[in-house]
Amino acid sequence: MSDLERIRLVILGGAGVGKSSIVKRFLFKTYTDKYRATVEDLYNREYDLGGVTLKVDILDTSGDMQFPAMRRLSIATAHAFMLVYATTSGPSFQCVKQCFEEIREQRADFQDIPIVIAGNKSDLAKTHREVKLEEVTDWVYCELPRLRAKVMECSAKEDSNVTDLFKTLLSLSRFLPVGSSNEGTSGLKRRSSAYVSASSSRTLSPCHVKHF
């Protein structure tokens, strides 16, 4: 009989940055340009890691900051975070900074929590970029305390780096070894799935030491 592990991944970020698009691209391989504001959606997946059954809860939160109580609860119950901004929106990066400050204020163990900072809409970055990757990595690796964190860019529309976001979170969580297979869904073999609805990497400069 396999051992059972459970991890809750919480997706945080401003409205319209593509949090739901990233989740749906990863889980269902679908994408739509239509925007629907999320209140809170919870997705459940179960994977076989070979001797260990991993249950993954993915909580897609509202980008509307009018739900502080729900956001506090999601932060309190998370085992890992994905903080999403849009490469085409400077204000969305400021929102990610605000989300991180809330994590730091609420979680005394914030330096041990796996965090991926994801810049979505990289497909539009060539013509509409407002947030440089260097700006994000400077903030994470130079300005903040030592974190178990990684900065990546992705495109939910083009399905670029989306699977790697989740694979990286699990690697930082020590469930997957660094360099594990990219085949399938993050190198995992899905056993079963359920859904519940509740409402590039880059080479870093010397100071950009990966802390994890």
Side-chain angles (χ1 to χ4, degrees), residues 5-20 22-23 38-42 56-87 89-121 130-154 161 164-176 178 198 201-202 204-212:
E5 299 279 359
R6 193 174 199 113
I7 183 172
R8 172 168 286 209
L9 310 180
V10 172
I11 319 293
L12 296 171
V17 297
K19 299 186 300 299
S20 298
I22 288 173
V23 173
T38 300
V39 176
E40 189 174 272
D41 289 333
L42 178 65
V56 181
D57 297 333
I58 301 175
L59 184 63
D60 181 15
T61 65
S62 172
D64 191 335
M65 294 302 173
Q66 295 183 7
F67 301 99
M70 292 177 65
R71 197 163 61 256
R72 284 195 298 270
L73 181 60
S74 68
I75 290 173
T77 58
H79 299 116
F81 293 100
M82 184 184 297
L83 308 183
V84 182
Y85 67 94
T87 60
S89 169
S92 72
F93 180 44
Q94 297 305 312
C95 184
V96 159
K97 289 184 175 182
Q98 179 182 337
C99 290
F100 175 77
E101 287 305 315
E102 292 185 27
I103 294 170
R104 176 152 57 175
E105 290 172 4
Q106 294 184 47
R107 298 288 296 267
D109 61 343
F110 73 93
Q111 288 178 280
D112 298 320
I113 302 174
I115 301 175
V116 166
I117 296 90
N120 190 32
K121 305 187 182 181
E130 291 189 10
V131 183
K132 293 182 179 180
L133 186 58
E134 291 81 359
E135 180 183 356
V136 184
T137 54
D138 283 346
W139 171 64
V140 173
Y141 299 125
C142 295
E143 297 179 29
L144 297 180
R146 292 173 63 90
L147 301 173
R148 192 189 296 181
K150 184 92 178 267
V151 177
M152 306 177 70
E153 289 191 344
C154 68
N161 259 1
D164 286 342
L165 294 178
F166 292 88
K167 177 185 173 184
T168 297
L169 272 173
L170 292 181
S171 295
L172 293 174
S173 304
R174 312 278 164 77
F175 284 109
L176 284 180
V178 176
S201 314
R202 70 180 189 92
L204 304 175
S205 61
C207 88
H208 296 142
V209 180
K210 299 176 186 176
H211 301 306
F212 50 81

Side-chain contact test, heavy atoms from C-beta onward, threshold under 4.5 Å: evaluate it for [X] versus [Y] and give yes or no.
{"X": "L42", "Y": "R8", "value": "yes"}
{"X": "I58", "Y": "F166", "value": "yes"}
{"X": "D164", "Y": "M152", "value": "yes"}
{"X": "L165", "Y": "L169", "value": "no"}
{"X": "P145", "Y": "F110", "value": "yes"}
{"X": "L133", "Y": "E153", "value": "yes"}
{"X": "I117", "Y": "F100", "value": "no"}
{"X": "F81", "Y": "L9", "value": "no"}

Could you tell me which non-hydrogen atom of S173 sits nearest to which non-hydrogen atom of P114, and how far apart they are?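 What the structure gives for the nearest pair is OG-CG, 3.4 Å.
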Which atoms form the tightest heavy-atom contact between L144 and R104, and what is the distance? CD2-NH2, 4.2 Å
With sequence neighbours left out, what residues match S74 under side-chain hydrogen bond (donor to acceptor under 3.5 Å, both in side chains)? none
Could I get the full list of side-chain hydrogen bond (donor to acceptor under 3.5 Å, both in side chains) partners for E130, not counting sequence neighbours?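 Checked E130 against side-chain hydrogen bond (donor to acceptor under 3.5 Å, both in side chains); zero matches.
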Do [X] side-chain atoms and [Y] backbone N/O form a donor-acceptor pair below 3.5 Å?
{"X": "D41", "Y": "D60", "result": "no"}
{"X": "Q111", "Y": "R146", "result": "yes"}
{"X": "T61", "Y": "E40", "result": "no"}
{"X": "R107", "Y": "A78", "result": "yes"}

What do the steps show when you test D57 against V10 for side-chain contact (heavy atoms from CB on, under 4.5 Å), and what is the final call? CA-CA 8 Å; D57 297 333; V10 172; over 6 Å; no
By the salt bridge (Lys or Arg N to Asp or Glu O under 4.0 Å) test, which pairs, at least two apart or in different chains, include something from residues 77-87? none
Would you check, one step at a time, whether the test side-chain contact (heavy atoms from CB on, under 4.5 Å) holds for I11 with V23? CA-CA 9 Å; I11 319 293; V23 173; 4.1 Å; yes
For K19, run the side chain to side chain contact (heavy atoms under 4.5 Å, CB included) check against N120, L12, V84, L83 and tell me which one passes. V84
Residues that Q106 engages under side chain to side chain contact (heavy atoms under 4.5 Å, CB included), provided they are two or more places apart: R72, I75, E102
Who pairs with A86 by side chain to side chain contact (heavy atoms under 4.5 Å, CB included), at least two apart in sequence or on another chain?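 Partners of A86 by the side chain to side chain contact (heavy atoms under 4.5 Å, CB included) criterion, ordered by chain and then number, come out as V17, T88, S89, S92, K121.
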With sequence neighbours excluded, tell me which residues meet ring pair (Phe, Tyr, Trp, His ring centres under 6.0 Å) with F93. Y85, W139
Approximate separation, where rounding is to 0.5 Å, of T168 OG1 and K150 NZ: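 Output value for this atom pair is 4.5 Å.
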